[in-house]
Trainee: 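Encoded as structure tokens, here's the structure I'll be asking about.
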Amino acid sequence: IYDSKFLEDVTKVSKKATGMPVFMYLLIQYTKESGAIATLLSLVVIFLLVLIDFRNLKFALISLLPLIIGSLWTLAFLVVTDFQLTYMTIMVVPLIIGIGIDDGVHIIHRYRMEGKNSLPLVLRTTGKAIVLTSVTTMVAFGSLAFSRMVGYQQVGITLFAGIGFLLILSVIFL
């Protein structure tokens with residue numbers, strides 16, 4: 001557990017060190033470890049549910065494409081903007097995944113319902129709906145960027161960017 005310089009220094013002072021700094025450090029470490037496992041498991045469950053829903057491996061995989069690429073873009077955005085993967089930003093991953101898969105599933109369902117060569121119709125109808133829901137969600141969460149608390153700012157900006165990337169990719173790829 002004491003694998004950081006901070007905790008190493010604290011335990012030199014007292015082996016029984018406690019308090020908020022130690023608690024927060026351990027909480028962040030456990031969240032990072034558990035967050036990765038939970039994200040992977042949620043992706044597997046989402047894939048299985050989408051596979052059951054579509055009853056078609058090709059459509060299930062296609063619906064996940066924007067989600068996977070958008071998640072990578074979001075992580076790249078965090079790196080480029082020098083955001084750190086914190087307890088707060090890890091908490092938004094399930095929101096981004098849930099909203100991201102939703103857009104793709106709606107587009108594919110409508111396309112399958114309307115048939116081949118129906119893409120203009122799908123984008124005019126279902127496309128408008130996913131743009132509206134994604135943009136309103138982006139604005140709602142993006143408003144956290146104006147918070148005084150840095151953690152909330154990062155949550156708002158991360159969600160705004162992540163949902164935006166997934167919307168763009170859903171429309172482009174699907």
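Quick caveat, the model's predicted, so the values are computed rather than measured.
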Trainee: Drop me the distance from Ile96's CD1 to Ile101's CD1, to the nearest 0.5 angstrom.
Mentor: 14.0 Å
Trainee: What residues, two or more places apart in sequence or in another chain, satisfy side-chain hydrogen bond (donor to acceptor under 3.5 Å, both in side chains) together with Gln153?
Mentor: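 Expected list: none.
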Trainee: Among Ile62, Leu123, Val122, exactly one meets side-chain contact (heavy atoms from CB on, under 4.5 Å) together with Tyr111. Which residue is that?
Mentor: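 Exactly one candidate clears the test, Val122.
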Trainee: Could you tabulate the donor-acceptor pairs under 3.5 Å formed by side-chain atoms of residues 65-80, not counting sequence neighbours?
Mentor:
unit_1	atom_1	unit_2	atom_2	d
Ser71	OG	Leu67	O	2.7
Thr74	OG1	Gly70	O	2.8

Trainee: Please round to the nearest 0.5 Å and tell me the distance separating atom CG of Leu119 and atom CD1 of Ile107.
Mentor: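 Rounded to the nearest 0.5 Å, the CG-CD1 separation comes out at 8.5 Å.
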Trainee: Side-chain donor-acceptor pairs under 3.5 Å in residues 158-172, sequence neighbours left out?
Mentor:
unit_1	atom_1	unit_2	atom_2	d
Thr158	OG1	Gln154	O	2.6
Ser170	OG	Leu166	O	2.9

Trainee: Got a sec, which pairs hit salt bridge (charged side-chain N to carboxylate O under 4.0 Å, His left out) with one end in residues 82-104, sequence neighbours left out?
Mentor: none
Trainee: State which residues pass side chain to side chain contact (heavy atoms under 4.5 Å, CB included) with Ser42; sequence neighbours excluded, sorted by chain then number.
Mentor: Ile97
Trainee: Going by ring-ring contact (aromatic ring centres under 6.0 Å, His included), name the pairs with one or both residues in residues 49-68, residues two or more places apart or in two chains.
Mentor: Phe54-His109
Trainee: What distance do Thr126 atom OG1 and Glu114 atom CD have between them, rounded to the nearest 0.5 Å?
Mentor: 8.0 Å
Trainee: Which residues pass the side-chain hydrogen bond (donor to acceptor under 3.5 Å, both in side chains) test with Ser147, sequence neighbours left out?
Mentor: none
Trainee: Which heavy-atom pair separates Ser63 from Ala60 by the least distance, and what is that distance?
Mentor: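 Of all heavy-atom pairs spanning Ser63 and Ala60, the closest is OG-O, 2.8 Å.
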Trainee: Between atom CD1 of Ile99 and atom OG1 of Thr133, what is the distance when rounded to the nearest 0.5 Å?
Mentor: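 Rounded to the nearest 0.5 Å, the CD1-OG1 separation comes to 8.5 Å.
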Trainee: Which other residues belong to the hydrophobic cluster containing Val45, where Ile, Leu, Val, Met, Phe, Trp and Tyr are joined when side-chain heavy atoms lie under 4.5 Å apart, directly or via other members?
Mentor: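 Its cluster partners, ordered by chain and number, are Leu49.
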Trainee: If you look only at pairs with a residue in residues 129-155, which of them pass as a ring-ring contact (aromatic ring centres under 6.0 Å, His included), with sequence neighbours excluded?
Mentor: none
Trainee: Taking a hydrophobic cluster as the set of Ile, Leu, Val, Met, Phe, Trp and Tyr residues connected by side-chain heavy atoms closer than 4.5 Å, whether directly or through intermediates, do Leu40 and Leu48 fall within one such cluster?
Mentor: no
Trainee: Is it possible for you to say whether Met149 and Leu144 belong to one hydrophobic cluster, with membership spreading through side-chain heavy-atom contacts below 4.5 Å?
Mentor: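 In one cluster with Met149: Leu144, yes.
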Trainee: Supply the atom-to-atom distance Ile157 CD1 to Thr81 OG1, rounded to the nearest 0.5 angstrom.
Mentor: 8.0 Å
Trainee: Starting from Ile37, walk the hydrophobic network (Ile, Leu, Val, Met, Phe, Trp, Tyr; side-chain heavy atoms closer than 4.5 Å) and list everyone else you reach, by chain and number.
Mentor: Leu41
Trainee: Quick one: salt bridge (charged side-chain N to carboxylate O under 4.0 Å, His left out) pairs with a partner in residues 52-80, sequence neighbours left out?
Mentor: none
Trainee: Under the side chain to side chain contact (heavy atoms under 4.5 Å, CB included) rule, collect the residues that match up with Arg124, sequence neighbours excluded.
Mentor: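 Checked Arg124 against side chain to side chain contact (heavy atoms under 4.5 Å, CB included); matches are Pro120, Leu121.
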